[in-house]
Amino acid sequence: MGRSSPLLRVHLGMTGQFTVVPADTPEPDHLHAVFALDNGHELRFRDQRRFGSAEFFADRAAVESEMNAELGPEPFGIDADYFRAAVGGTGRNLKAVLLDQTVVAGVGNIYADEACFRAKLHPGRPGNTLTAAECDALREAVEAVLTRAVESRGSTIRDYVGGSGLRGGFQNEFAVYGRTGEPCPTCAAAVVCARYAGRASHFCPRCQDAEGRAPAAGKKKRTTRGT
């Protein structure tokens with residue numbers, strides 16, 4: 001397809017899914033768009049929670065122009081200097097920075113919590129209190145968490161399934177998200193939940209010290225949570 005061809009940009013939201021089925025297949029509920037295919041099948045877009053969207057663009061340049069204005073870089077292979085400047089140049093807390101799609105695209109509430117835990121950084125810490133090394137650790141954690149989530153087909157918390165009908169599996173690997181009161185997989189301290197950037201944020205108060213202090217040595221450890 002050339003750069004001058006029209007394009008349709010679809011955002012799946014939380015529960016959106018595409019399926020290809022024979023045209024005479026009964027329509028399911030929550031079906032919002034149907035595309036007829038040359039082979040007698042249909043490409044169907046279904047979205048139970050209606051957070052998805054579809055936008056038509058005249059050409060690729062129009063898509064890229066809007067995306068460049070709306071979104072920051074993808075979370076894979078982020079430039080280290082860019083990320084240090086974006087995080088270290090603001091007094092906003094880390095949860096707000098990670099959820100800001102103009103800073104990094106594609107990081108949601110779950111993955112922000114998991115990335116902060118992996119980097120051992122408190123979600124409430126102001127970005128401008130981080131060292132360069134801490135910024136690098138957070139950048140690497142974001143990429144690692146999202147890479148693993150993609151490999152696991154995402155996270156099924158309530159009703160999300162992929163286009164194949166399979167549930168996500170990353171929820172079985174959560175270290176902190178949704179685990180309020182449960183033991184931290186590293187030190188066994190109880191995971192706590194507080195609101196940052198208007199969102200419920202889960203973290204270990206020992207491993208992710210609000211002042212950036214290293215956790216005390218000699219604490220009990222446990223193995224990583226299983227499936």
In sequence, state the C-alpha distance, the side-chain angles, and the governing distance for L71 and T102, and then conclude on side-chain contact (heavy atoms from CB on, under 4.5 Å).
CA-CA 4 Å; L71 302 173; T102 67; over 6 Å; no

Taking atom CG of L99 and atom OG of S201, what is their separation to the nearest 0.5 Å?
7.5 Å

Which heavy-atom pair separates V107 from Q101 by the least distance, and what is that distance?
O-NE2, 3.1 Å

Assess whether a salt bridge exists between R125 and D209, defined as any Lys/Arg side-chain N lying under 4.0 Å from an Asp/Glu carboxylate O.
no

Donor-acceptor pair, T129 side chain versus P126 backbone, under 3.5 Å?
yes

Hydrophobic cluster membership, with links at side-chain heavy-atom distances under 4.5 Å among I/L/V/M/F/W/Y: are L43 and V10 in one?
yes

Are the side chain of R195 and the backbone N or O of G198 linked by a donor-acceptor pair below 3.5 Å?
yes

Nearest-0.5 Å distance that lies between atom CZ in R206 and atom SG in C184
8.0 Å

Does L94 reach the side chain of L130, with side-chain heavy atoms less than 4.5 Å apart?
yes

Checking the side chain of E42 only, and the main-chain atoms of P22 only, is there a donor and an acceptor separated by less than 3.5 Å?
no

For A194 and F203, the nearest pair of non-hydrogen atoms, with its separation, is CB-CE2, 4.0 Å

Holding to side-chain hydrogen bond (donor to acceptor under 3.5 Å, both in side chains), I want the full list of residues that pass it with N39, two or more places apart in sequence or in another chain.
none

Just distance, no hydrogens or angles: give the donor-acceptor pairs under 3.5 Å from side chains in residues 135-146, sequence neighbours left out.
residue: D136; atom: OD1; partner: R84; partner atom: NE; Å: 2.8
residue: D136; atom: OD1; partner: R84; partner atom: NH2; Å: 3.3
residue: D136; atom: OD2; partner: R84; partner atom: NH2; Å: 2.8
residue: E143; atom: OE1; partner: G77; partner atom: N; Å: 3.2

State whether the number of non-hydrogen atoms from other residues, nucleotides or ligands found under 6.0 Å of D29 atom CG is greater than 12.
yes

Before we go on, tell me: are the rings of F117 and H122 under 6.0 Å apart, centre to centre?
no

Looking only at non-hydrogen atoms, find the nearest pair between G52 and F45 and report the distance.
CA-CZ, 4.4 Å

Quick one: do E114 and V176 satisfy side-chain contact (heavy atoms from CB on, under 4.5 Å)? Show the steps, please.
CA-CA 6 Å; E114 293 296 307; V176 288; 3.4 Å; yes

Calculate, to the nearest 0.5 Å, the distance between atoms CG and CG belonging to L98 and N93 respectively.
9.0 Å

Kindly write out the residues that satisfy side-chain hydrogen bond (donor to acceptor under 3.5 Å, both in side chains) with N109, not counting sequence neighbours, or none if the list is empty.
K95

Is any side-chain heavy atom of H30 less than 4.5 Å from a side-chain heavy atom of R49?
no

To the nearest 0.5 Å, atom CZ of F83 lies from atom CD1 of I78 at 5.5 Å

Would you say the side chain of L8 lies within less than 4.5 Å of the side chain of E55, judging by non-hydrogen atoms?
no

Closest heavy-atom pair, L31 versus V34, reported as atoms and distance to 0.1 Å, is CD2-CG2, 3.6 Å

Heavy-atom closest pair (A175 atom, V191 atom, distance to 0.1 Å) is O-CG2, 4.3 Å

Closest non-hydrogen atoms of T180 and C193, given as atom of the first, atom of the second and distance, are OG1-CB, 3.4 Å

One should read off an interatomic distance between S5 OG and F57 CZ, to the nearest 0.5 angstrom, of 15.0 Å

Measure the CZ-OG1 distance between F76 and T147 for me, rounded to the nearest 0.5 Å.
4.5 Å

Taking the side chain from Q208 and the backbone from L121, do they hold a donor-acceptor pair closer than 3.5 Å?
yes

Classify the side-chain pair H202/D113 by whether it contains a donor and acceptor separated by less than 3.5 Å.
yes

May I ask you to test the K120-C204 pair for a side-chain heavy-atom distance under 4.5 Å?
no

